[in-house]
Amino acid sequence: MAFGGNSAPAMLLKSPREIEIMARGGAILRATLLKMRDAVRPGISTMEIDQIGEAFIRSHAGAEPAFKGLYGFPGSVCISINEEIVHGIPSRKRILNEGDIVTVDVGVKLEGMFTDAALTVPVGAIDALTQRLLDVTERALAAGIAAAIPDNHVGDIGAAVQGVVEAEGFSVVRELVGHGVGFSPHEELQIPNYGKAKRGKKLVPGLTIAIEPMVNVGTAKTRTLSDKWTVVTADGKRSAHFEHTIAILEGGPRILTGD
Ligand code: MG
């Protein structure tokens, strides 16, 4: 789930023990994303995908879907199709079609610690431009993670993401950003997907953050639908979203929601 300006507690560092709990929650989260990815096919509704995700999370002792009820969100999983960027509400009426792309964005709470991750999945065969959008967004996330090392700054992450995206002629969403995560789903530190190297807060070991490029084929501009949740591209062109929760350690970034 992306940060959209709600109030959140301050940036807080995590102990090695707390990071281990997050890694366990993150492993459940990753498996949940893959479970939902495997379920994606033409004809399935976004509500069915949400239920698969929620049931899988709850099949692990103590694990809960962190987004259910968060700020009043009605689903367990944010599920966004095509021009929907983030925060789509699961519905029985939203049916996936061949050639669509669908973003599943999930939070897991385990033993009081939160993790957050997302990926965009093709529905059957997709066109070449859409495939490039997915590839570039995933590559931008990897570049952002690689920049998340001690003594770098928040701006180094944004600059790395933005560099990959704009070199391909796509745009990064600015109204929504990554964020600190761990003791709560959204901690105060904001991680924009744009910026300048060496600017912003310094990255330190023990920081846990969600890096989440949201990349648009066309304009970076967004609007929010009348459901007050679903954020779409202003021009109706497609958008992709990949997200990991990572810990910044002395030796570099550790992906807590990876394989
Ligand atoms: Mg997030």
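Bear in mind the structure is a predicted one, so any value in this text is a computation, not a measurement. Each ligand, and each atom within it, is numbered from 1 in the order the structure gives.
When only modelled atom types and interatomic distance are considered, Glu212 and His244 share no side-chain donor-acceptor pair under 3.5 Å.
In this pair, Trp229 and His87 present their aromatic rings perpendicular. The plane angle is above 60°, beyond the 30 to 60° band.
The shortest distance between side-chain heavy atoms of Met214 and Val86 falls below 4.5 Å.
Looking at Glu212 and the Mg ion (ligand 1) together, the shortest N, O or S contact belongs to OE2. The minimum distance between the Mg ion (ligand 1) and any N, O or S atom of Glu243 involves atom OE2. Atom OD2 is the N/O/S atom of Asp116 found closest to the Mg ion (ligand 1).
Residue side and main chain included, His186 places no N/O/S atom under 2.8 Å of the Mg ion (ligand 1).
The cationic group of Lys68 does not satisfy the cation-pi geometry with Phe73, failing either the under 6.0 Å distance to the six-membered ring centre or the 45° limit from the ring axis.
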